[in-house]
Amino acid sequence: MNTIKNLDLALIEAFGNQLRGELIAPSDSRYDETRKVYNGMIDKHPGLFAMCVDVADVMAAVNFGRENDLLVAIRGGGHNGGGLGLCTDGLVIDLSGLKSVRVDTSNNTVRVGGGNLWGEVDHATHPFGLAVPAGIISTTGVGGLTLGGGVGHLSRKYGLTIDNLLEADMVLADGSVVTVNKDHNTDLFWAIRGGGGNFGIVTSFKFQAHPDKTVIGGPTLFPIERTEEIMEW
Ligand SMILES: Cc1cc2nc3c(=O)[nH]c(=O)nc-3n(C[C@H](O)[C@H](O)[C@H](O)COP(=O)(O)OP(=O)(O)OC[C@H]3O[C@@H](n4cnc5c(N)ncnc54)[C@H](O)[C@@H]3O)c2cc1C
């Protein structure tokens, strides 16, 4: 496996010219800020960040990684406990620029960018009285949480996040783009519903949303003297 350090600078420059988003290398003053993830114990030093802003950027980054035999990590919200959104010496394909949320009230569906965070989705759906079952923390990425299954406050009522995934657009390892849903590329659609992040890069998700305006959460406590009554109930 190759490292970024071994690559010709001209090759990296040519890659940068293909992108609308930026490249961030270790020499960049933003590098240390960029390599931070949610778990502060993770201290990985990637060789290069490709800060993608559209699907074309993701395709170019995947092709660059494959053609140069680089270790590649994909970062959505950066919440993974083990820091799987980063790698050492390789290429990080950062999706934080792929954000957009579109609510379709004609069928209560929501189209979400591959780099969105769940708080951004909630913010967009809430005014319409809708919600997609997701996790409990607003800064978790839609990408990693969905591809791992997704459990949260609404799961008991509406199922896991993957139960509500209707469709995804994906960039595959060969740089091609496919749409997966119950009718197209059904094996891949099955795989991404809980299989984790290694089947391709999801650039867009489409979810079923549900009517839900306000959730009141917290522990439910009863006085000790009512134990018998509560247990019988
Ligand atoms: C504080 C905290 C609270 C949490 N609460 C919940 C919870 O309530 N419910 C729950 O189900 N989980 C919860 N999690 C777990 C969380 O869902 C996972 O850590 C998830 O991987 C985070 O996704 P991310 O996109 O933020 O992470 P990242 O670190 O960016 O990515 C995680 C993995 O997913 C891959 N990935 C991310 N986006 C994409 C994409 N668009 N396409 C392809 N691969 C991608 C990455 O390559 C990596 O392997 C929580 C985690 C934390 C730290």
Side-chain angles (χ1 to χ4, degrees), residues 21 34-44 46 49-55 57-59 61-62 65 70-88 90-101 110-122 131-165 167-173 175-180 185 188-189 191-207 215 217:
T34 307
R35 70 185 183 87
K36 280 186 187 162
V37 286
Y38 183 83
N39 180 357
M41 290 167 69
I42 302 295
D43 187 24
K44 292 186 188 172
F49 287 89
M51 309 301 288
C52 298
V53 298
D54 60 19
V55 177
D57 280 0
V58 176
M59 292 163 75
V62 167
L70 296 170
L71 183 63
V72 171
I74 306 152
R75 183 166 62 178
H79 256 239
N80 180 269
L84 290 180
L86 297 177
C87 59
T88 301
L91 171 70
V92 174
I93 301 179
D94 181 284
L95 304 177
S96 57
L98 262 82
K99 287 188 199 285
S100 76
V101 186
V110 189
R111 179 63 78 171
V112 181
N116 270 109
L117 307 180
W118 277 110
E120 296 158 349
V121 180
D122 289 339
V132 176
I136 58 171
I137 305 276
S138 60
T139 53
T140 309
V142 172
L145 183 135
T146 302
L147 298 171
V151 186
H153 294 306
L154 299 181
S155 300
R156 285 184 181 156
K157 195 164 181 187
Y158 297 123
L160 303 180
T161 306
I162 48 171
D163 295 324
N164 294 282
L165 179 63
E167 187 169 282
D169 292 341
M170 298 179 69
V171 178
L172 305 183
S176 63
V177 178
V178 294
T179 295
V180 303
N185 300 300
L188 194 50
F189 185 49
I192 64 164
R193 281 175 293 160
N198 287 330
F199 293 99
I201 302 184
V202 180
T203 52
S204 170
F205 295 89
K206 184 180 177 186
F207 295 103
V215 174

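Remember, it's 1-based here, ligands and their atoms both numbered in the order they're listed. Given the structure is predicted, the values throughout are model-derived calculations rather than measurements.
Atoms CD1 and CG, on Ile201 and Leu95 in that order, are 6.0 Å from each other to the nearest 0.5 Å.
Listed by chain and number, the residues in a ring-ring contact (aromatic ring centres under 6.0 Å, His included) with Phe205 are Phe207 (sequence neighbours excluded).
For Asp43, the CG atom counts as densely surrounded, since its 6.0 Å shell holds more than 12 non-hydrogen atoms of other residues, nucleotides or ligands.
Side chain to side chain, Ser204 and Arg111 meet the donor-acceptor criterion of an N or O pair below 3.5 Å.
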Listed pairs under 3.5 Å, donor-acceptor, residues 154-161 side chains, sequence neighbours left out:
unit_1	atom_1	unit_2	atom_2	d
Ser155	OG	Gly152	N	2.8
Ser155	OG	Gly152	O	3.1
Tyr158	OH	Pro211	O	3.0
Thr161	OG1	Pro133	O	2.7
Thr161	OG1	Gly150	O	3.4

Table please: side-chain donor-acceptor pairs of residues 134-142 below 3.5 Å, with sequence neighbours left out.
unit_1	atom_1	unit_2	atom_2	d
Thr139	OG1	His79	NE2	2.9
Thr140	OG1	His79	ND1	3.4
Thr140	OG1	Ile137	O	3.2

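If you look at ligand 1, the protein residues with a non-hydrogen atom under 4.0 Å away are Tyr38, Ile74, Arg75, Gly76, Gly77, Gly78, His79, Asn80, Leu84, Gly85, Leu95, Gly114, Gly135, Ile136, Ile137, Thr140, Gly141, Gly143, Gly144, Leu145, Leu147, Gly150, Val151, Gly197, Gly200, Ile201, Val202.
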